[in-house]
Amino acid sequence: MSLSVFNTLGNRKEPFVPIVPGKVRMYVCGVTVYDLCHIGHARANVSFDIIVRYLRYAGYEVRYVRNFTDIDDKILRRANQEGIPFDAVTKKYIEAFHADFDRLGLLRPEAEPKATEHIREIVTLTERLVRAGKAYAVNGDVYYSVKSFPEYGKLSGKHVEDLLSGARVDVDERKEDPLDFALWKASRPGEPSWDSPWGPGRPGWHIECSAMSMKHLGETFDIHGGGKDLVFPHHENEIAQSEAATGRPFARYWLHNGFVNINNEKMSKSLGNFFTLRDVLGRVKPEALRFFFASSHYRSPIDYSEQSLAEAKAGLDRLYRVKEKAESCRAAGAIPAPLPEGEGYSPLAEAPGRFAEAMDDDFNTAAALGHLFDAVRAMNRIAPSDPASERERAGQFLAGYDLLDPLFAVLGLLRTGATEYFRGGLDSAHAGGVPFTGSLASELELVPAGRLPEGEILRRIEARKAARARKDYAEADRIRKELETAAVLLEDGKAGTTWKYRE
RNA sequence: GGCGGCAUAGCCAAGUGGUAAGGCAGAGGACUGCAAAUCCUUUAUCCCCCGGUUCGAAUCCGGGUGCCGCCUCCA
């Protein structure tokens with residue numbers, strides 16, 4: 001089985017064959033940095049994060065590039081509102097982007113190019129198009145001539161005639177044709193500007209991605225990704241510019257993620273129905289959000305709700321319980337042992353193969369997760385209730401977990417210690433992308449406000465243990481209930497009593 | 001108006017010709033002093049509706065209904 005991907009260019013699933021065997025060059029359109037990211041941005045970024053992780057897992061050497069659009073009208077407007085320079089706005093929101101997405105555990109791309117740092121490349125590319133007669137300058141602006149590119153519309157499936165009759169294209173006297181779009185915009189007084197052969201100005205939106213992707217990945221590369229809303233006009237225009245300039249195919253595979261909806265409607269800034277990532281990460285663990293995204297296919301729309309998040313969290317808890325047991329096996333000194341034979345255990349033994357088969361089918365994370373849950377059931381069947389005394393089972397369990405962990409890693413799940421997961425707060429889960437270990441977290445006293453500190457919990461567990469020993473179950477239950485009120489769950493097992501915070 | 005997508009149990013969600021994964025929630029059983037977790041069993045005679053193709057369709061074709069997206073900044 002080999003990887004197939006759904007290519008927007010051609011609107012069908014096709015085998016993935018990289019230009020250079022074993023290597024993948026991939027460009028993903030990032031965000032315009034004028035505000036905090038919302039859940040829709042999170043979905044897009046997590047989707048491509050998982051795609052990169054899987055490609056690497058599958059053995060490809062991936063060069064991943066994701067840009068920041070750091071000059072545009074919205075940024076200038078924001079700068080005016082706040083009375084600060086435009087690059088103070090972009091600096092602030094790039095930092096916010098990194099802070100938020102580090103918490104989500106996103107891989108950093110090999111390059112994160114910014115438009116303002118590629119003015120030279122943008123101007124060069126624009127000149128190239130002008131020289132080729134594919135673009136024209138008018139009063140300091142430069143426009144791309146859409147009708148000079150016969151294949152215009154091949155990505156989005158649109159026809160030039162239909163676009164014109166749609167009448168929603170803006171009428172601009174300076175353009176030769178209403179469909180033409182700006183490669184370079186003359187700057188107005190007071191606006192930031194860069195020198196160019198056409199006078200001071202700044203780049204249009206679409207040209208930056210062509211210039212930056214070519215610089216960092218070459219004129220033809222493997223994968224270009226982004227949200228579905230970028231298909232037209234952004235990506236269509238990128239193709240037109242790039243291919244008209246180079247005479248060569250631009251990106252081979254165009255991957256687009258579906259939207260996050262609220263009540264079945266697209267979440268977006270312009271509709272005002274969005275939740276910022278920061279806000280959501282203040283309420284749920286980052287991995288619960290990842291789980292939520294991974295539980296449906298990246299191209300499908302996904303409806304965001306408190307209930308969905310709660311279900312994701314419940315599912316993630318089930319996975320973390322397996323990791324928790326694996327940790328206790330390891331702590332008990334278990335040595336990985338061959339997995340048990342038998343049909344009941346085949347979902348575990350075959351998990352890597354089934355996982356890969358699902359992921360090879362256009363990164364079907366929902367199916368892949370399904371197989372992981374099958375494996376988890378098999379794991380729970382061999383789980384020792386007391387790792388210290390059940391050496392054989394503890395070893396098998398550990399081996400099983402070691403088999404599954406790399407698969408969870410592809411989805412970016414189970415990246416924290418289980419103890420930290422169950423006992424840590426939302427804020428201590430990650431700091432700068434580095435997860436704290438349980439002991440470090442408690443050393444730093446990262447106990448969420450209003451929670452009982454660990455020492456106090458352990459004292460009460462001891463008191464309850466004594467009560468149970470003298471069969472004073474009324475007192476034991478009183479302590480359990482008391483802790484329950486403080487959101488602490490006690491779990492009695494053969495190896496003793498453990499505890500976790502319940503949200 | 002043009003183009004595209006979706007419709008699977010109470011909820012979420014896989015499944016593109018061979019007789020309905022998985023998760024959450026629910027029910028019964030096991031285990032447990034209690035609880036939690038876990039395991040076992042169970043929960044869609046059927047995949048929006050109507051036709052058609054086929055030995056056989058949730059899956060293909062035609063028609064219909066509903067919802068969504070793009071065509072303007074947008075992940």
Side-chain angles (χ1 to χ4, degrees), chain A residues 8 11 13 28-32 34 37-48 69 72-74 153 156-159 161-170 205 225-234 236 256-261 264-271 274 291-292 295-297 299-303 305 307-308 310-319 321-322 324-325 344 347 354 358 361 364-377 379-383 385 468 471-474 476-477 480-481 484 489-494 497-500 502:
Chain A
T8 304
N11 218 234
K13 208 185 282 181
V28 173
C29 283
V31 295
T32 301
Y34 72 103
C37 286
H38 57 64
I39 303 305
H41 298 117
R43 207 260 173 114
N45 281 285
V46 168
S47 296
F48 288 105
T69 295
D72 108 309
D73 289 341
K74 293 188 292 295
S156 55
K158 298 189 185 305
H159 305 287
E161 319 81 72
D162 299 336
L163 290 169
L164 288 171
S165 65
R168 286 213 258 176
V169 287
D170 57 331
W205 175 34
K228 264 190 163 70
D229 47 356
L230 296 182
V231 173
F232 189 90
H234 187 52
E236 192 70 70
H256 293 100
N257 65 275
F259 297 132
V260 175
N261 291 158
N264 236 17
E265 255 194 350
K266 178 184 171 181
M267 174 190 293
S268 78
K269 286 273 171 65
S270 39
L271 291 174
F274 63 92
F291 184 104
F292 169 60
S295 60
S296 59
H297 187 93
R299 300 182 63 244
S300 307
I302 189 168
D303 213 62
S305 68
Q307 189 191 332
S308 304
E311 288 180 6
K313 200 256 174 198
L316 183 62
D317 280 356
R318 181 167 160 83
L319 299 181
R321 285 210 178 82
V322 170
E324 184 181 40
K325 284 177 207 141
R354 296 182 187 183
D361 184 12
N364 192 338
T365 53
L369 255 186
H371 292 131
L372 291 176
F373 273 104
D374 286 335
V376 160
R377 171 167 295 117
M379 283 287 281
N380 282 325
R381 281 199 272 256
I382 54 178
S385 43
R468 293 177 78 203
K471 300 218 190 282
D472 182 355
Y473 293 122
D477 288 351
R480 172 188 289 290
K481 288 226 172 67
E484 217 168 76
L489 172 70
L490 298 187
E491 297 181 315
D492 297 328
K494 276 191 184 165
T497 298
T498 60
W499 64 276
K500 45 177 64 96
R502 53 154 49 124

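The sequence lines fix the lettering, A, B, ..., with proteins before strands; numbering per chain opens at 1.
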**Message:** Rounding to an integer number of Å, can you tell me how far R354(A) CZ sits from A21(B) P?
**Reply:** 13 Å
For [Y], does its backbone N or O pair with a side-chain atom of [X] as donor and acceptor, under 3.5 Å?
{"X": "H38(A)", "Y": "G40(A)", "value": "yes"}
{"X": "R480(A)", "Y": "L490(A)", "value": "yes"}
{"X": "K228(A)", "Y": "F259(A)", "value": "no"}
{"X": "N364(A)", "Y": "A367(A)", "value": "yes"}

From the options [options], select the nucleotide whose nearest atom is closest to the side chain of [X].
{"X": "A44(A)", "options": "A75(B), C24(B), C73(B)", "value": "A75(B)"}
{"X": "N380(A)", "options": "U38(B), G4(B), A75(B)", "value": "U38(B)"}
{"X": "R318(A)", "options": "G33(B), C24(B), C71(B)", "value": "C24(B)"}
{"X": "D492(A)", "options": "G15(B), C34(B), G22(B)", "value": "C34(B)"}
{"X": "S296(A)", "options": "G22(B), G2(B), A14(B)", "value": "A14(B)"}
{"X": "D229(A)", "options": "A14(B), A75(B), A21(B)", "value": "A75(B)"}
{"X": "R468(A)", "options": "C34(B), A36(B), A14(B)", "value": "C34(B)"}
{"X": "D477(A)", "options": "A37(B), A75(B), C34(B)", "value": "C34(B)"}
{"X": "R321(A)", "options": "A37(B), C71(B), C34(B)", "value": "A37(B)"}
{"X": "E311(A)", "options": "G33(B), C70(B), C11(B)", "value": "C11(B)"}

Sugar-phosphate, base or nothing in reach of [X], heavy atoms under 4.0 Å:
{"X": "H297(A)", "answer": "sugar-phosphate"}
{"X": "G30(A)", "answer": "sugar-phosphate"}
{"X": "F292(A)", "answer": "nothing"}
{"X": "D303(A)", "answer": "nothing"}
{"X": "R377(A)", "answer": "sugar-phosphate"}
{"X": "N257(A)", "answer": "base"}
{"X": "A366(A)", "answer": "base"}
{"X": "S295(A)", "answer": "sugar-phosphate"}
{"X": "N264(A)", "answer": "sugar-phosphate"}
{"X": "G157(A)", "answer": "sugar-phosphate"}
{"X": "K266(A)", "answer": "base"}
{"X": "I302(A)", "answer": "nothing"}
{"X": "S47(A)", "answer": "nothing"}
{"X": "Q307(A)", "answer": "sugar-phosphate"}

**D492(A) side, atom CG; T497(A) side, atom OG1 - distance, nearest 0.5 Å** = 4.0 Å
Could you let me know what [N] is paired to, Watson-Crick or G-U wobble, both distances under 3.5 Å, or none if it's on its own?
{"N": "U16(B)", "answer": "none"}
{"N": "C6(B)", "answer": "G66(B)"}
{"N": "U38(B)", "answer": "A30(B)"}

Nearest-angstrom distance, [atom1] atom, [N] to [M]:
{"N": "G62(B)", "M": "G23(B)", "atom1": "P", "answer": "37 Å"}
{"N": "A58(B)", "M": "A7(B)", "atom1": "C1'", "answer": "11 Å"}
{"N": "C49(B)", "M": "C67(B)", "atom1": "C1'", "answer": "15 Å"}
{"N": "U32(B)", "M": "C39(B)", "atom1": "C1'", "answer": "13 Å"}
{"N": "A21(B)", "M": "A9(B)", "atom1": "P", "answer": "14 Å"}
{"N": "A36(B)", "M": "G10(B)", "atom1": "C1'", "answer": "25 Å"}

**Prompt:** Would you call K481(A)-D477(A) a salt bridge at under 4.0 Å N-O?
**Reply:**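 Answer for the salt bridge query: no.
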**Request:** Considering just the side-chain nitrogens and oxygens of T498(A), establish if one lies under 4.0 Å of OP1 or OP2 belonging to A36(B).
**Result:** no
**Message:** Check the phosphate of G4(B) against N11(A), side-chain N and O only, distance under 4.0 Å to OP1 or OP2. Yes or no?
**Reply:**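 False: N11(A) side-chain N/O out of range (4.0 Å or more) of G4(B) OP1/OP2.
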**Request:** Would you kindly check whether a donor in the side chain of K158(A) faces an acceptor in the base of C70(B), or vice versa, at under 3.5 angstrom?
**Result:** yes
**Asked** Can Y473(A) be classed as stacking with the base of G33(B), given a centroid separation cut-off of 5.5 Å and a plane angle cut-off of 30°?
**Response**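 So yes, this residue stacks on that base, both cut-offs being met.
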**Prompt:** Closest nucleotide of RNA chain B for L369(A) versus for K74(A): which of these residues is on the 5' side?
**Reply:** L369(A)
